[in-house]
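These notes concern the structure reproduced below.
Nothing here was measured: the structure is a model prediction, and the numbers come from that model.
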Amino acid sequence: IQQAQALQVVDQGHPFELHVHVTTDGFGWGPSQCTEPFRMPVDFWSQLWKVAELRYFLTEKQQLFDIMTQRCRKRGDYV
């Protein structure tokens with residue numbers, strides 16, 4: 001188990017940046033704020049691939065991530 005990085009308190013004076021990642025093990029995203037000289041996360045979400053999805057090529061995993069993100073946006077979930 002990896003230790004989570006501390007989350008930053010939201011500063012309304014700085015813009016948000018959305019960071020996404022897709023790896024062979026899972027995927028995730030989260031907004032962060034850049035306050036010189038650091039970029040600090042303010043939230044995050046991640047998920048491991050299901051057993052069947054582990055066999056997908058990385059490009060297929062990236063496409064699946066895009067589909068899942070679009071579904072979350074349509075439902076009004078966080079993204």
Side-chain angles (χ1 to χ4, degrees):
I1 298 177
Q2 293 181 336
Q3 185 174 356
Q5 183 177 4
L7 299 177
Q8 177 180 343
V9 176
V10 175
D11 180 353
Q12 297 297 331
H14 289 87
F16 290 96
E17 297 176 356
L18 183 62
H19 296 273
V20 298
H21 67 275
V22 177
T23 67
T24 55
D25 297 327
F27 58 94
W29 62 76
S32 64
Q33 287 187 312
C34 188
T35 55
E36 295 298 328
F38 304 104
R39 179 181 292 134
M40 296 294 291
V42 293
D43 198 0
F44 66 92
W45 181 87
S46 65
Q47 176 178 323
L48 294 175
W49 296 113
K50 296 178 178 132
V51 175
E53 296 166 344
L54 286 171
R55 295 189 293 265
Y56 293 177
F57 291 109
L58 186 56
T59 54
E60 294 171 313
K61 291 177 181 178
Q62 290 169 332
Q63 292 171 344
L64 180 59
F65 175 79
D66 290 340
I67 292 167
M68 295 172 99
T69 302
Q70 291 171 7
R71 287 182 183 166
C72 287
R73 286 184 177 156
K74 286 181 182 177
R75 288 194 316 248
D77 292 347
Y78 173 74
V79 172

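Residue I67 is not grouped with residue V22 when hydrophobic side chains (ILVMFWY) are merged at heavy-atom distances under 4.5 angstrom, including chains of intermediate members. The same ILVMFWY cluster, assembled from side-chain heavy atoms under 4.5 Å apart, contains both Y56 and L54. Both F65 and L18 belong to a common hydrophobic cluster when Ile, Leu, Val, Met, Phe, Trp and Tyr are linked at side-chain heavy-atom distances under 4.5 angstrom.
With sequence neighbours left out, E60 forms a salt bridge (Lys or Arg N to Asp or Glu O under 4.0 Å) with no residue at all.
Between H21 and W29, the closest side-chain pair of non-hydrogen atoms is not below 4.5 Å. Inter-residue side-chain proximity for L64 and F27 is flagged as unmet; no heavy-atom pair is nearer than 4.5 Å.
Note that the CD atom of Q63 and the OG1 atom of T59 stand 6.0 Å from one another [nearest 0.5 Å].
In terms of heavy atoms, K61 sits closest to E53 at CE-O, 3.3 Å. Nearest heavy atoms, P15 versus Q33: O-CG, 3.7 Å.
Under the 3.5 Å distance criterion, the side-chain polar atoms of W49 are matched with a main-chain donor or acceptor of T23.
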